Amino acid sequence: MKKLVQRLLLVALLAAGGAIAQTERFPSKPIQIIQTGTPGSQSDTLVRFLATGVQKVLGQPVVIQTSSSAAGTIGVDQARRAAPDGYTIFYGGNTVMAANVHLFKNLNYDPVRDFEPITLVTANPLVLVVRSDLPIKSVSELIAYAKARPGQMNYGVGNSGNKVAVSLLESLTGIQTTEIGYKGATPAMMDLVAGRLDFYMSDPVVAEQFIKQGKIRALAVTAPARLPSMQSLPTISEAGVKGYTDIASFLGMYAPRGTPKAVIDTLNDAFVKVITSKEGQAYYEQVGMVPKTSTPQGLATYLKEQIDFWGHLVKVSGIQPQ
């Protein structure tokens, strides 16, 4: 009996040791990142930069899979169903991880319940832009122009963040505009540049080159303070829309629920190293983005706060869930 117990203990110890060894060897094969941004969008350009850096840190290939259809819900669902081993992770932001909770009645995933947070990677405000041939050079002129043409001005929606940002502007100013839906930020911006849209709430990195080229005109940002990269632009609140809240486009890394803590910590360390490196800081500054990192628990707390915050924005904006 004593020998049997000893053998069982030995087997258990060997099994535990093998499990620990497997965790310590992570990663031993390529890592896949599922993302919901459209090609050329802010999230797309950032995740590709991060993937290149993390690949060097971990010594394994990091590949990107894009799934941007159905407001990103298909990609999120695919990620949550992946094996919880760290080899498939998810890269998502305010649209799929916060706003969608309040915009869809029957969402097929739960951002908090279905994922293990890894780290925050950025939190950026939006910039309000108009097509350059309109006689509009300020937020007040946009409001006056729209009020004189109720329902005639149109704007693009590439994700839930765009929609909520404009809906809040409408509710606070009384303007009435027409929504045009797109599969992502890039096609919406292309139509604005081509003159098929009147205005848009854009990620700064998507709009910046067109602003510099004079193809679109920037009016204000949705931040509580002016952006270092766009110092000449006022905030929307500064521009006269009192009560306009800080709306940021945040992005983070997540793993399927049940992924081991050691794996999460390894991934967190790799992403944080890339973001805080000299190359990482230079990249963020170059594209006008704000670098952000967090602990896994820090992102968990931030995510819950953002879900509540976007719920408030959706309610104030008067948007009804679909």
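Side-chain atoms are counted along with the backbone in the values below, which use heavy atoms only and exclude waters and symmetry mates. These numbers come from a predicted model, not from an experiment.
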What I'd like to find out is whether the side chain of [X] reaches to under 4.5 Å of the side chain of [Y], using heavy atoms alone.
| X | Y | answer |
| --- | --- | --- |
| Val274 | Lys56 | no |
| Leu128 | Leu142 | yes |
| Leu103 | Ile319 | yes |

Decide whether [X] and [Y] meet the rule of one side-chain donor and one side-chain acceptor closer than 3.5 Å.
| X | Y | value |
| --- | --- | --- |
| Asp44 | Gln35 | yes |
| Thr235 | Ser237 | no |
| Tyr87 | Ser28 | yes |

Output yes when a side-chain donor or acceptor of [X] lies under 3.5 Å from a complementary backbone atom of [Y], and no otherwise.
| X | Y | value |
| --- | --- | --- |
| Asn268 | Ile118 | yes |
| Thr222 | Leu126 | yes |
| Arg131 | Asp191 | no |
| Tyr283 | Met289 | no |
| Thr177 | Gly151 | no |
| Arg217 | Ser132 | yes |
| Thr36 | Gly75 | no |

Report the distance from atom [atom1] of [X] to atom [atom2] of [Y], rounding to the nearest 0.5 Å.
| X | Y | atom1 | atom2 | answer |
| --- | --- | --- | --- | --- |
| Ile175 | Ile143 | CD1 | CD1 | 6.5 Å |
| Leu267 | Ile264 | CG | CD1 | 6.0 Å |
| Gln281 | Gln286 | CD | CD | 13.0 Å |
| Gln306 | Leu303 | CD | CG | 8.0 Å |

- [ ] Quick one: do Tyr182 and Ile180 satisfy side chain to side chain contact (heavy atoms under 4.5 Å, CB included)? Show the steps, please.
- [x] CA-CA 7 Å; Tyr182 292 86; Ile180 306 295; 3.6 Å; yes

Trace of the side-chain hydrogen bond (donor to acceptor under 3.5 Å, both in side chains) decision for Tyr155 with Asp198: CA-CA 6 Å; Tyr155 68 94; Asp198 295 317; over 6 Å; no

- Query: Are Asp308 and Lys304 within salt-bridge range, i.e. N to O under 4.0 Å?
  - Reply: no

query: In terms of side-chain geometry, is the basic nitrogen of Glu238 or Arg226 positioned less than 4.0 Å from the acidic oxygen of its partner?
result: yes

Closest heavy-atom pair and its distance - [X], [Y]:
| X | Y | answer |
| --- | --- | --- |
| Thr276 | Thr293 | CG2-CG2, 4.2 Å |
| Ala207 | Val127 | CB-CG1, 4.0 Å |
| Pro234 | Leu219 | CD-O, 3.4 Å |
| Ala51 | Ile33 | CB-CD1, 4.4 Å |
| Ala218 | Ile211 | CB-CD1, 3.7 Å |
| Pro84 | Gly258 | CB-C, 3.7 Å |

- Message: Given the ring of Tyr145, does Arg149 sit roughly above its face, with NZ or CZ under 6.0 Å from the centre of the six-membered ring and within 45° of the axis?
- Response: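 Because its charged atom sits under 6.0 Å from the ring centre and within 45° of the axis, Arg149 does stack over Tyr145.
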
Worksheet item: Do Lys292 and Phe250 meet the cation-pi criteria used here (NZ or CZ under 6.0 Å from the six-membered ring centre, within 45° of the axis)?
Response: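 Pair Lys292/Phe250 does not count as cation-pi.
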
Please assess Met253 against Val54 for the test side chain to side chain contact (heavy atoms under 4.5 Å, CB included), listing each intermediate value before the final yes or no. CA-CA 12 Å; Met253 289 289 176; Val54 168; over 6 Å; no

field: Residues Tyr109, Phe115; criterion ring-ring contact (aromatic ring centres under 6.0 Å, His included); working and verdict
entry: CA-CA 10 Å; Tyr109 63 91; Phe115 292 94; 7.0 Å; no

Check: Around atom CD of Gln65, are there more than 12 heavy atoms of other residues, nucleotides or ligands at under 6.0 Å?
Finding: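 Yes, because the 6.0 Å sphere around CD of Gln65 holds more than 12 heavy atoms from other groups.
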
### Query
Step by step, would you call Tyr91 with Val121 a side chain to side chain contact (heavy atoms under 4.5 Å, CB included)?
CA-CA 9 Å; Tyr91 170 72; Val121 299; 3.9 Å; yes

Notebook entry, point to check: Hey, what's the ring geometry for Tyr254 with Phe90, parallel, tilted or perpendicular (30° and 60° as the breaks)?
Noted result: tilted

Exercise. Would Leu46 and Tyr284 count as a side chain to side chain contact (heavy atoms under 4.5 Å, CB included) if you check the C-alpha gap in whole Å, the side-chain angles of each, and the deciding distance to 0.1 Å?
Worked result: CA-CA 9 Å; Leu46 177 58; Tyr284 276 86; 3.6 Å; yes

Only residue of Asp85, Thr266, Asp265 satisfying side chain to side chain contact (heavy atoms under 4.5 Å, CB included) with Phe26 is Thr266

